[in-house]
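Comments concern the structure below.
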Amino acid sequence: MRIVQIVLAEDEAIQRKNMTRMIEAACQTLHIKPIITCYESAEAFLFHLEDHQEWQIAFLDIEMAEINGMELAHQLKEKAPYLKIIFATAYAEYAVEGYQVDALDFLLKPINTTAIERALSKYLLIQPKSERFLIVEDLIGKQHVLELDDLILVEVNKRELRLVLLDQELFITGALARFKEDLDQRFVAPHRSYLVNLNHVESIGKEEVILSSGAKVPLSRRSVKTIQKAFIDHYKGSAFYG
């Protein structure tokens with residue numbers, strides 16, 4: 001399932017709760033998984049900004065004390081230009097200024113789920129299909145948010161998948177083909193029992209793929225040409241991620 005990292009700045013507790021609920025409902029309709037972080041002020045938002053480069057969308061209430069949402073947006077344009085901004089306000093006259101900071105959308109209060117769904121749809125339309133994150137559930141029912149850049153390889157054994165990451169290994173239930181549907185084209189299958197991340201491929205031999213971790217993955221004869229081409233295309237820049 002596609003993951004979207006959302007940050008919400010709203011100084012009223014009830015509005016934060018309502019916005020969070022509507023964002024979750026809109027994401028469910030769009031078949032995406034939101035990870036939502038909330039702050040009660042622009043100051044708190046800015047304090048934590050440097051530690052959260054994974055944020056993708058910022059919902060900003062304009063009418064906040066001290067630093068308001070519009071002033072926050074101007075700072076974000078300099079400090080985090082990758083963030084897509086969606087304003088929430090009761091005053092339509094802010095719309096013109098909102099476009100000065102390249103706002104993705106402008107939601108007039110009272111806001112409903114349909115309006116949020118429309119704004120999120122705009123975001124999805126301008127984003128590449130490749131994903132940076134994936135949520136999985138391990139064998140004991142614990143959920144993990146994985147950075148795909150850190151996922152080195154996936155191995156299947158019957159109905160169990162072994163996920164090898166830079167700093168850990170996880171085991172989940174599932175089919176390899178189904179799991180691959182949630183990944184992008186940097187993940188290729190050198191063998192029917194494996195998926196590897198091209199970002200972590202060091203070299204390709206006649207019978208094996210050697211990864212940056214030192215692991216060696218078998219390479220089936222019928223997959224040699226396909227994997228070699230994918231590897232070359234990847235490092236030519238035709239498959240760039242991040």
About how many Å separate [atom2] of [Y] and [atom1] of [X], when rounded to the nearest 0.5 Å?
| X | Y | atom1 | atom2 | value |
| --- | --- | --- | --- | --- |
| Met22 | Gln15 | CE | CD | 7.0 Å |
| Ile111 | Ile116 | CD1 | CD1 | 6.0 Å |
| Asp105 | Lys122 | CG | NZ | 3.5 Å |
| Leu60 | Asn68 | CG | CG | 10.0 Å |
| Asn197 | Leu183 | CG | CG | 9.0 Å |
| Arg221 | Lys206 | CZ | NZ | 11.0 Å |

Would you say [Y] and [X] are linked by a side-chain donor-acceptor pair, where the criterion is simply a distance under 3.5 Å?
| X | Y | value |
| --- | --- | --- |
| Tyr39 | Glu10 | no |
| Ser193 | Glu155 | no |
| Ser220 | Ser223 | yes |

Enclosure of [X] [atom1] (heavy-atom neighbours >12, cutoff 6.0 Å):
| X | atom1 | answer |
| --- | --- | --- |
| Gln28 | CD | no |
| Glu181 | CD | yes |
| Glu202 | CD | yes |
| Leu125 | CG | yes |
| Glu50 | CD | no |

**OP:** For the pair Leu46 and Leu72, evaluate side chain to side chain contact (heavy atoms under 4.5 Å, CB included) and give the outcome as yes or no after the intermediate values.
**Re:** CA-CA 8 Å; Leu46 290 169; Leu72 172 57; 3.5 Å; yes
Subject >> Parallel, tilted or perpendicular: rings of Trp55 and His52 (30°, 60°) >> reply: parallel
Please say yes or no: joined through hydrophobic side-chain contacts below 4.5 Å, possibly via intermediate residues, are [X] and [Y] part of one cluster?
| X | Y | answer |
| --- | --- | --- |
| Ile86 | Ile32 | yes |
| Ile135 | Leu139 | no |
| Ile210 | Ile204 | no |
| Phe59 | Phe47 | no |
| Ile126 | Ile57 | yes |

Heavy-atom side-chain contact between [X] and [Y] under 4.5 Å:
| X | Y | value |
| --- | --- | --- |
| Leu170 | His144 | yes |
| Thr20 | Cys38 | yes |
| Arg118 | Leu107 | yes |
| Leu195 | Leu176 | yes |
| Thr37 | Ile6 | no |
| Phe171 | Leu163 | no |
| Asp51 | Leu49 | no |
| Val136 | Phe179 | yes |

**OP:** Could you walk me through whether Lys142 and Glu137 pass side chain to side chain contact (heavy atoms under 4.5 Å, CB included), step by step?
**Re:** CA-CA 5 Å; Lys142 182 179 179 181; Glu137 185 175 290; over 6 Å; no
**OP:** Using modelled atom types only, decide if a donor and an acceptor are shared between the side chain of Gln56 and the backbone of Gln5 within a distance under 3.5 Å.
**Re:** yes
Original post:
Can you tell me if His200 uses its side chain to pair, donor with acceptor, with the backbone of Asp150 under 3.5 Å?
Top reply: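 Not at all, since once roles are kept as given, no pair shorter than 3.5 Å links the two residues.
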**OP:** Give the C-alpha distance, both sets of side-chain angles, the deciding distance and a yes or no for side chain to side chain contact (heavy atoms under 4.5 Å, CB included) between Val4 and Cys27.
**Re:** CA-CA 9 Å; Val4 178; Cys27 287; 5.6 Å; no
For [X] and [Y], work out which heavy atoms get closest and say how close.
| X | Y | answer |
| --- | --- | --- |
| Ala119 | Leu104 | O-CD2, 3.8 Å |
| Val156 | Lys158 | CG2-O, 3.3 Å |
| Gly69 | Phe87 | O-CE2, 3.7 Å |
| Ala175 | Leu161 | O-CD1, 4.1 Å |
| Pro190 | Val209 | CB-CG2, 3.9 Å |
| Asp11 | Ala65 | OD2-N, 3.6 Å |

Residues [X] and [Y] bridged, charged N to O under 4.0 Å:
| X | Y | result |
| --- | --- | --- |
| Lys84 | Asp102 | no |
| Arg162 | Glu169 | yes |
| Lys109 | Asp61 | yes |
| Arg21 | Glu24 | no |

Original post:
Checking side-chain contact (heavy atoms from CB on, under 4.5 Å) against Glu117, which of Asn112, Thr29, Ile23 comes through?
Top reply: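 Single side-chain contact (heavy atoms from CB on, under 4.5 Å) partner of Glu117 among Asn112, Thr29, Ile23: Thr29.
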Original post:
Pick one: which of Asn199, Val196, Leu166 meets side-chain contact (heavy atoms from CB on, under 4.5 Å) with Ile152?
Top reply: Leu166
**OP:** Check the pair Glu160, Thr173 against side chain to side chain donor-acceptor pair (under 3.5 Å), reporting the backbone distance first and the verdict last.
**Re:** CA-CA 5 Å; Glu160 188 172 291; Thr173 301; over 6 Å; no
**OP:** Please report the C-alpha distance between Val7 and Phe45 in whole Å, then the side-chain angles of each, then the deciding distance to 0.1 Å, and finally whether the side chain to side chain contact (heavy atoms under 4.5 Å, CB included) criterion is met.
**Re:** CA-CA 8 Å; Val7 57; Phe45 183 117; 3.4 Å; yes
